[in-house]
Engineer: 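Got a structure for you, questions after.
Any value given below was found using the heavy atoms of this structure, including those in side chains, with hydrogens, waters and symmetry copies removed. Reminder, nothing fancy here: chain letters follow the sequence lines and each chain counts from 1.
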Number of protein chains: 2
Amino acid sequence: MAKPIYVAIANIIRNNISAHKYSSMKLPDERTLAERFEVSRSSIKRAIQLLADQGIIFKKQGSGNFINPLFLRNKTSLDYTGDNVGLTTSIVTNGKEQTIKVLNLDVIKPDSEIKESLFLTEDDFVYSFKRLRCLDQKPILIETSYIPVRAFPELSQNLLEQSLFNYLENEKNMIINRAYLDLTTEPSTPNDQELLNLKPTEPVGIMAGIFFVDDGTPFEYSSMRLHYRYLNFSTFVDLDK
Amino acid sequence: MAKPIYVAIANIIRNNISAHKYSSMKLPDERTLAERFEVSRSSIKRAIQLLADQGIIFKKQGSGNFINPLFLRNKTSLDYTGDNVGLTTSIVTNGKEQTIKVLNLDVIKPDSEIKESLFLTEDDFVYSFKRLRCLDQKPILIETSYIPVRAFPELSQNLLEQSLFNYLENEKNMIINRAYLDLTTEPSTPNDQELLNLKPTEPVGIMAGIFFVDDGTPFEYSSMRLHYRYLNFSTFVDLDK
DNA sequence: CAGTGGTCTAGACCACTTT
DNA sequence: AAGTGGTCTAGACCACTGA
């Protein structure tokens, strides 16, 4: 199955909305759409749900499905293409040249927070490393990470100079596809100021969290201190859930 | 229908996981669960999907559904109870006394950004107001908001001294249930420093965005400058979507 | 009361993983 | 090949909204 039919239909409806092919802000009812696309109503519902999750339409029980006027207006400040994306848009490289400088790499006994976050036993050791990431030679974030030795025994300074996730996916067929992230901000420390080229009054954004392999194994605990101009996290929020 | 069956089942499974009632990290397969709960497999799938969205389980096609070990470990730093919540956890009052000080209230002609964000025409005016919100007398955020006069003609300084959303829901049966939010951080301005009691080196967190009525009408454009210790946004991220 | 979205079912078949 | 999750259908009935 190349693309599920509900994804295909969601794309068609999205394009129809963009092209102003619906005469009002209210979409045709689901039963009509099902007939028109010659699919079951369930498939229409899944397509509609996708669009709702993306903020493109609003569902209102007993009343109908409505187009988000902002989507029609093509507001460029709203990133509707990615669905509720976070990290990826935040640190997306956008064709810019990414360079990574490894600041250190050690093997240590994890403290209790890291041990619990990564689901480790008493015997486990972890790699501990810091990297400075730059875009077009401009430093944008300091990463401090911990990875269980057992999960990735061949880690080396060499490997750290590229994207770990790409290496894992290509060479080890491990896919990191979820993260639990915490976003905060803090005044910059002298160390931040030096590495990220910040003034003392300029802060860092902090993204800290746990990255998971697709089978649910916690793989990495990471805390990233970002130059404040590069922390930009956009999201739709359902306030009632 | 009091509670949909898939929600009920999701709750039971969540409790079972907490109580260690599954012998391995892998859940029983969906067809077995369907038999055991005497529901259709579709209902099981919806329940499982809910738990996956909450980060409690991981799905792996062809292999099974797996418990997130972190959930088992009862990590208190992970807020698993709220589903992907954002704003609400960030500004949750937690029983603390909330006070609101209205700094100003005007009617103005919106600039083009606000006009487009709120889907306004040339003739529309907006209320423009600033509020300082405190918890237990400590100032935590400065809110700058814009609301179309047409959407809420009776707005007054008096009303602003309480939670607008509560008033809307109780008195006007309008429900604000979605928001498009942008999170960033900036150095604090002298004004921030004075109002939020910040040192010059201490930053503000910024949550800016648009709040929508449940029929999709944009209702409010708001930019909130938070004392940096109070910006704390936690979320699960699906990296592959 | 008619229209419309929400829930739920039983079953068929596809796609991926593991043995 | 067997096991397991993913997609999709056709249809029944419930819950909410609005004329």
Engineer: For A:Lys115, is there an ion pair with A:Glu122 - N to carboxylate O distance below 4.0 angstrom?
Structural biologist: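 Here A:Glu122 pairs with A:Lys115 in a salt bridge, since their nearest N and O are under 4.0 Å apart.
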
Engineer: Take atom NZ of A:Lys3 and atom C1' of D:dG6, then tell me their distance rounded to the nearest Å.
Structural biologist: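 One finds 17 Å between C1' of D:dG6 and NZ of A:Lys3, rounded.
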
Engineer: Could you give the NZ-to-C1' distance, from A:Lys26 to C:dT4, as a whole number of Å?
Structural biologist: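 It is 7 Å, rounded to the nearest whole Å.
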
Engineer: Reckon B:Tyr6 has a side-chain N or O less than 4.0 Å from the OP1 or OP2 of C:dC8?
Structural biologist: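 No, outside the criterion.
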
Engineer: Against the six-membered ring of B:Phe58, is A:Arg178 placed for a cation-pi contact (under 6.0 Å from the centre, within 45° of the normal)?
Structural biologist: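 Yes, A:Arg178 lies over the aromatic ring of B:Phe58.
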
Engineer: On the nucleotide C:dT7, are OP1 or OP2 found under 4.0 Å from the side-chain N or O atoms that B:Arg46 carries?
Structural biologist: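 So the side-chain polar atoms of B:Arg46 do come within 4.0 Å of the phosphate oxygens OP1 or OP2 of C:dT7, strictly under.
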
Engineer: What integer distance in Å separates A:Glu38:CD from D:dA10:P?
Structural biologist: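 Distance check: A:Glu38 CD to D:dA10 P gives 11 Å.
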
Engineer: Using whole Å, what does the distance between atom C1' of nucleotide D:dT4 and atom CD of B:Glu35 come to?
Structural biologist: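 Atom-to-atom, B:Glu35 to D:dT4, this comes out as 15 Å.
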
Engineer: Determine whether the aromatic ring centres of B:Phe212 and B:Phe219 lie less than 6.0 Å apart.
Structural biologist: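 They do not qualify: ring centres at least 6.0 Å apart.
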
Engineer: Quick check for you: among C:dG5, D:dG11, D:dT7, whose closest atom lies nearest to any side-chain atom of A:Asn65?
Structural biologist: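 Closest nucleotide to the A:Asn65 side chain: C:dG5.
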
Engineer: Give the nucleotide from the list D:dG6, D:dT9, C:dT4 with an atom nearest to the side chain of B:Arg41.
Structural biologist: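 Of the options given, the side chain of B:Arg41 lies nearest D:dG6.
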
Engineer: Measure from the side-chain heavy atoms of B:Ser42 and tell me the nearest of D:dG6, C:dA10, C:dG5.
Structural biologist: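 The answer is C:dA10.
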
Engineer: Between the protein and nucleotides 17-19 of chain D, list every N/O to N/O distance that falls short of 3.5 Å.
Structural biologist:
unit_1	atom_1	unit_2	atom_2	d
D:dT17	O4'	A:Gly62	O	3.4

Engineer: Under a 4.5 Å cut-off applied to non-hydrogen side-chain atoms, are A:Ile44 and A:Ile9 in contact?
Structural biologist: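 A side-chain contact exists here, since the closest heavy-atom pair is under 4.5 Å.
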
Engineer: How about A:Glu113 and A:Tyr221: does a side-chain donor come under 3.5 Å of a side-chain acceptor?
Structural biologist: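 Per modelled atom types, A:Glu113 and A:Tyr221 side chains form a pair under 3.5 Å.
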
Engineer: Output the rounded distance in Å from NZ (A:Lys59) to C1' (C:dG6).
Structural biologist: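 So the NZ-C1' distance, A:Lys59 to C:dG6, works out to 8 Å.
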
Engineer: How long is the line joining CZ of B:Arg31 and C1' of C:dA12, in whole Å?
Structural biologist: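 Going from B:Arg31 (CZ) to C:dA12 (C1'), I get 11 Å.
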
Engineer: So, is the end of the B:Lys59 side chain (NZ or CZ) under 6.0 Å from the ring centre of B:Phe66 and within 45° of the ring's axis?
Structural biologist: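 No; the conditions do not both hold, so B:Lys59 does not lie above the ring face of B:Phe66.
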
Engineer: Mind calculating the distance between CD1 (B:Ile5) and P (C:dT7) to the nearest angstrom?
Structural biologist: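 After rounding, the gap between these two atoms is 12 Å.
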
Engineer: Report the distance from atom CG of A:Leu160 to atom OH of A:Tyr167, rounding to the nearest 0.5 Å.
Structural biologist: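 Those atoms lie 11.0 Å apart.
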
Engineer: A:Phe66 CZ to C:dG3 C1': how many Å, rounded?
Structural biologist: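 Going from A:Phe66 (CZ) to C:dG3 (C1'), I get 12 Å.
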
Engineer: Between C:dC8, D:dT9, C:dT4, which one does the side chain of A:Ser43 approach most closely?
Structural biologist: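 Ranking C:dC8, D:dT9, C:dT4 by closest atom to the A:Ser43 side chain puts D:dT9 first.
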
